[in-house]
Amino acid sequence: MNPTSARKTLPRLDESLLSHLPPFSRLDRRQVREILDLASVRRLDEGVAVFEEGAPAERFYMLLDGYIRVMRITPTGEQVIALHIPAGQLFGIAKAIGRDTYPATSVTASEALVLSWPMRVWDDFVARYEGFATETYKTVGQRLGEMNTRIVEMATQQVEQRVANALLRLINQTGRKVEGGIEIDFPITRQDLSEMTGTTLHTVSRLLSGWEKDGIVASRRKRITVTDPHRLVLVSQGHAPR
DNA sequence: CCATTAATGTGCA
DNA sequence: TGCACATTAATGG
């Protein structure tokens, strides 16, 4: 059985799925209905590629549940993780940046629920739906800003600071409050963290172990909780963990 | 259970 | 850091 790749035209989706999300929140019920009627839904397992870098951008997507990891492959075959996208955001919106191929690969970082539309309706959406364009460009701008920040970090900060910053971003964007701290809401390995920060999994492993001793983080396999965000901020600013 | 694989941890150049 | 190897945790018979 493979429930992950079947694109279903489901028993009508409910308007409330979209009506509170920024790109659609200014629309009336009838407009949301039109949009939903054009959409396909897919339920995806963790680790499944939604689309690949360089492929023709045939569809754009809205993540309804779960997390998406955006990654690129270097010429030497190394993976680099550009960013993570939380539920409620559009992705694969190549048209918004003037492209007709996807600029990066998107893989589910957890189980995910995804809506998609054929790219040919993009211009219609922009033209007809109040707020859609401004909200999507806001999203594009935010991601651009984040990537810029990362470039500066890469060029100016020590590994320890970069990993601390990556962790802080993750808990800010995808953190879930648990007792004792804030946990990254999807499975994440040391390897993943190293691919976000330009290091090796070994270095990340050592850093996390050290921070765990200091009481800054707690981790179990594929799960990381930041237990002392304040001290992690200090580390990200170049202070010694203690 | 046991075998296999994935993830994590450690010692050393 | 980078790498080889040890250890531990998940997964599939």
Side-chain angles (χ1 to χ4, degrees), chain A residues 1-6 42-50 52-53 65-86 104-113 149-176 178-229 231-232 234-242:
Chain A
M1 61 186 101
N2 179 8
T4 73
S5 57
R42 280 207 287 168
R43 191 78 185 54
L44 300 173
D45 279 340
E46 179 188 330
V48 175
V50 182
E52 304 266 355
E53 173 177 352
D65 190 35
Y67 293 91
I68 294 289
R69 203 192 320 277
V70 178
M71 51 178 44
R72 305 197 54 182
I73 314 280
T74 68
T76 60
E78 297 169 281
Q79 288 194 347
V80 176
I81 297 174
L83 48 86
H84 288 90
I85 296 175
T105 297
S106 286
V107 176
T108 53
S110 63
E111 284 189 35
L113 185 62
T149 302
R150 279 168 33 85
I151 288 172
V152 172
E153 282 178 15
M154 287 288 211
T156 63
Q157 295 186 340
Q158 308 291 321
V159 170
E160 184 172 49
Q161 295 173 269
R162 302 207 300 269
V163 176
N165 274 127
L167 229 37
L168 287 169
R169 260 194 298 277
L170 284 171
I171 62 170
N172 282 331
Q173 297 169 357
T174 73
R176 184 169 55 88
V178 296
E179 76 298 337
I182 305 172
E183 182 180 82
I184 296 169
D185 198 28
F186 54 86
I188 185 163
T189 65
R190 276 129 241 266
Q191 174 81 47
D192 294 329
L193 228 23
S194 74
E195 288 172 5
M196 300 173 64
T197 53
T199 358
T200 63
L201 72 125
H202 305 96
T203 298
V204 172
S205 176
R206 275 174 248 235
L207 285 172
L208 286 180
S209 300
W211 292 342
E212 182 135 21
K213 267 196 194 73
D214 296 335
I216 298 174
V217 305
S219 74
R220 50 189 204 278
R221 169 168 279 232
K222 286 189 168 197
R223 289 284 166 184
I224 300 175
T225 303
V226 175
T227 50
D228 192 342
R231 269 208 291 167
L232 192 56
L234 292 182
V235 173
S236 78
Q237 293 169 347
H239 295 82
R242 58 178 103 223

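Labels below follow one simple rule: chain letters A, B, ... track the order of the sequence lines, proteins then strands, and each chain is numbered from 1. Just so you know, these numbers use all the heavy atoms, side chains as well, and skip hydrogens, waters and symmetry mates.
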Whole-Å gap separating C1' (dA7(B)) and CZ (Arg223(A)): 14 Å
Arg69(A) and its side-chain contact (heavy atoms from CB on, under 4.5 Å) partner, picked from Asp192(A), Thr108(A), Ile85(A): Asp192(A)
Gap between atoms CG and P, on Leu193(A) and dT8(B) respectively (whole Å): 10 Å
Pair of N/O donor and acceptor under 3.5 Å linking dG2(C) base with Arg206(A) side chain: yes
Touch class at under 4.0 angstrom, heavy-atom based, for Arg220(A) against every strand present: nothing
Options dT10(B), dT1(C), dT8(B), nucleotide nearest the side-chain atoms of Arg221(A): dT8(B)
Heavy atoms of other groups near Gln237(A) CD, more than 12 under 6.0 Å: yes
Nucleotide dA6(B), atom P - distance to NZ of Lys222(A) in whole Å: 10 Å
Spacing between Ile224(A) atom CD1 and dT8(B) atom C1', to the nearest angstrom: 11 Å
Sugar-phosphate, base or nothing in reach of Leu208(A), heavy atoms under 4.0 Å: nothing
Nearest to side-chain heavy atoms of Ser205(A), which nucleotide of dG9(B), dT1(C), dA7(B): dG9(B)
Cationic N near anionic O, under 4.0 Å, Glu183(A) to Arg176(A): yes
Spacing of Gln191(A) atom CD relative to dA9(C) atom C1', expressed in whole Å: 17 Å
Side-chain donor/acceptor of Arg190(A) to base of dA7(B), under 3.5 Å: no
Residues Thr199(A), Thr197(A); criterion side-chain hydrogen bond (donor to acceptor under 3.5 Å, both in side chains); working and verdict: CA-CA 6 Å; Thr199(A) 358; Thr197(A) 53; 3.0 Å; yes
